[in-house]
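Below is one structure; the comments refer to it alone.
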Amino acid sequence: MGGMDRPHDLVVYGATGFVGELTAAYLAEHAPAGVRIGLAGRSQEKLEAVRRRLPAAARDWPLLIADSGDADALRALAEGTRVLVTTVGPYARYGLPVVEACARAGTHYADLTGEVLFHRDAIDAFDEVAQDTGARIVHSCGYDSIPSDLGVFVLHERAAADGAGELVDVDLVATARGGFSGGTIDSMRAQLEAVGADRSRQKVVGDAHSLSPDRAAEPAPRQPSDAPLPRRRGARGTWTAPFVMASYNTRVVRRSNALLGFAYGRGLRYSETMGFGSSPVGAVAAVGTTVGLAAGLAGMSLPPTRALLDRVLPKPGTGPSAEARAKGWFRMDVEATTTSGRRYRARVSGKGDPGYAATAVMLGESGLCLALDDLPDHAGSLTPATAMGRALVERLVTAGHTYEVTG
């Protein structure tokens, strides 16, 4: 892929959406001078309004018009930039043509998907194309699934450096203040609708290795449940309940392991849950969350109750106030054991509402990383860990996130 022969280094597609504008604002404040950034979307008028609201550095950023249903416009968009980051979802509905345009143009790509079916479809359709052109197609560059993916990656780095053997049991406990974005909810809704329309798709969603590059080559260990009953977990006796994104994040981590030749370990067993502290209040919260999550997913699966939920759940393209976003935070505590018996603990954390403010930081830094950094020699359909790895960890630490390993 050419360097300076394209007019843009980085384009934000979906800049008129809530998270798209947050990402553009982050780039306006943090991108190095000289990085050529463009804003893309369907509406010239809305793009102009967004640009007026952005910090002064964005005043001269070009505006690019492209509808996800217009193949020619997407081709021109992809061919005009070195990196495209997209917030246009649900990705199952709008994303594949964007992936195709980037894969064929040799353009690096990053998105925010948390949709197993879309991710699998993008791999099947365009992985080989992207490998041929040298494009890095990097899914899930926000709260889904960077903290999970890079958290296990830094544990692997430390264990390997210590000569402690491979990772065996790795358990992540997520805690956060803040909500899921309307886009995330819309993506969940779209995936449930897809499964309802084609029951064979449920097998993909339920497969612990559904994102594997070679399903037949996956090792034998049985993976933990993504929907465990509430229980105490870890050295601190934290009460845990199912984490709504576990059934996606765990697949991404396992794909990273497979793409790296099972460098984390052929016996890796990986789980994610949500933590509520060790007190009796935590126990009550864990039970309530388990029941509420099950009821919510069931409700979204049925048209009559889905219509009721649609009235109260966040709408795509909307989000909390700046004050609420600033009060948010996320933390992932990851405990690991290795084949030598060594135990390690990683903490991944950041300020800002995870689905909005922290995600804008992660997507923005992913775009800059793809555009500017010396990266692993990988192409095709990748994960944050396999596409960017240590370079992205260092960027996020500089941006104020924490990636610490003890053991």
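Because the structure is predicted, anything quoted here is derived from the model rather than measured. In what follows, every heavy atom counts, from backbone to side chain, and hydrogens, waters and symmetry copies are set aside.
- Classification of R53 and E21 as a salt-bridged pair holds, one side-chain N sitting under 4.0 Å from a carboxylate O.
- Using a 30° and 60° split on the angle between ring planes, H119 and Y248 fall in the tilted class, from 30° to 60°.
- Between E79 and R6, none of the side-chain N atoms (NZ, or NE/NH1/NH2) sits under 4.0 Å from a carboxylate O, so this pair counts as no salt bridge.
- The pair R120-D124 meets the salt-bridge criterion, with a side-chain N (NZ, NE, NH1 or NH2) lying under 4.0 Å from an Asp/Glu carboxylate O.
- Y13 pairs by the ring-ring contact (aromatic ring centres under 6.0 Å, His included) definition with nothing, not counting sequence neighbours.
- Other residues, nucleotides and ligands place more than 12 heavy atoms under 6.0 Å from the CZ atom of F262.
- Residues passing the side-chain hydrogen bond (donor to acceptor under 3.5 Å, both in side chains) test with R136 are H108, sequence neighbours excluded.
- Classification of R347 and E404 as a salt-bridged pair fails, no side-chain N sitting under 4.0 Å from a carboxylate O.
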- [ ] Start with the C-alpha distance between S278 and T238, add both sets of side-chain angles, then the distance that settles side-chain hydrogen bond (donor to acceptor under 3.5 Å, both in side chains), and finish with yes or no.
- [x] CA-CA 4 Å; S278 58; T238 299; over 6 Å; no

Open item on the list: Under the criterion side-chain contact (heavy atoms from CB on, under 4.5 Å), I'd like the reasoning laid out for F330 against V348: C-alpha separation, chi angles, the key distance, then a yes or no.
Closed with: CA-CA 8 Å; F330 74 89; V348 179; 4.1 Å; yes

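- Using a 3.5 Å distance cut-off with no hydrogens or angles, the side chains of T383 and T386 do pair a donor with an acceptor.
- Using a 4.0 Å cut-off between a side-chain N of Lys or Arg and a carboxylate O of Asp or Glu, R269 and D171 do not qualify as a salt bridge.
- A salt bridge is defined here as a Lys NZ or Arg NE, NH1 or NH2 lying under 4.0 Å from an Asp or Glu carboxylate O, and R251 with D226 meets this definition.
- D111 and T113 share no side-chain donor-acceptor pair at under 3.5 Å.
- Relative ring orientation between F243 and Y143 is described as perpendicular, the plane-to-plane angle rising above 60° on a 0-90° scale split at 30° and 60°.
- The existence of a salt bridge linking K203 and D198 is excluded, since no basic side-chain nitrogen approaches an acidic carboxylate oxygen closer than 4.0 Å.
- The only member of D162, T406, T338 that meets side-chain hydrogen bond (donor to acceptor under 3.5 Å, both in side chains) when paired with Y344 is D162.
- Salt bridge status for R395 with D373: present, with a side-chain N to carboxylate O gap under 4.0 Å.
- A 6.0 Å sphere centred on CD of Q44 holds more than 12 heavy atoms belonging to other residues, nucleotides or ligands.
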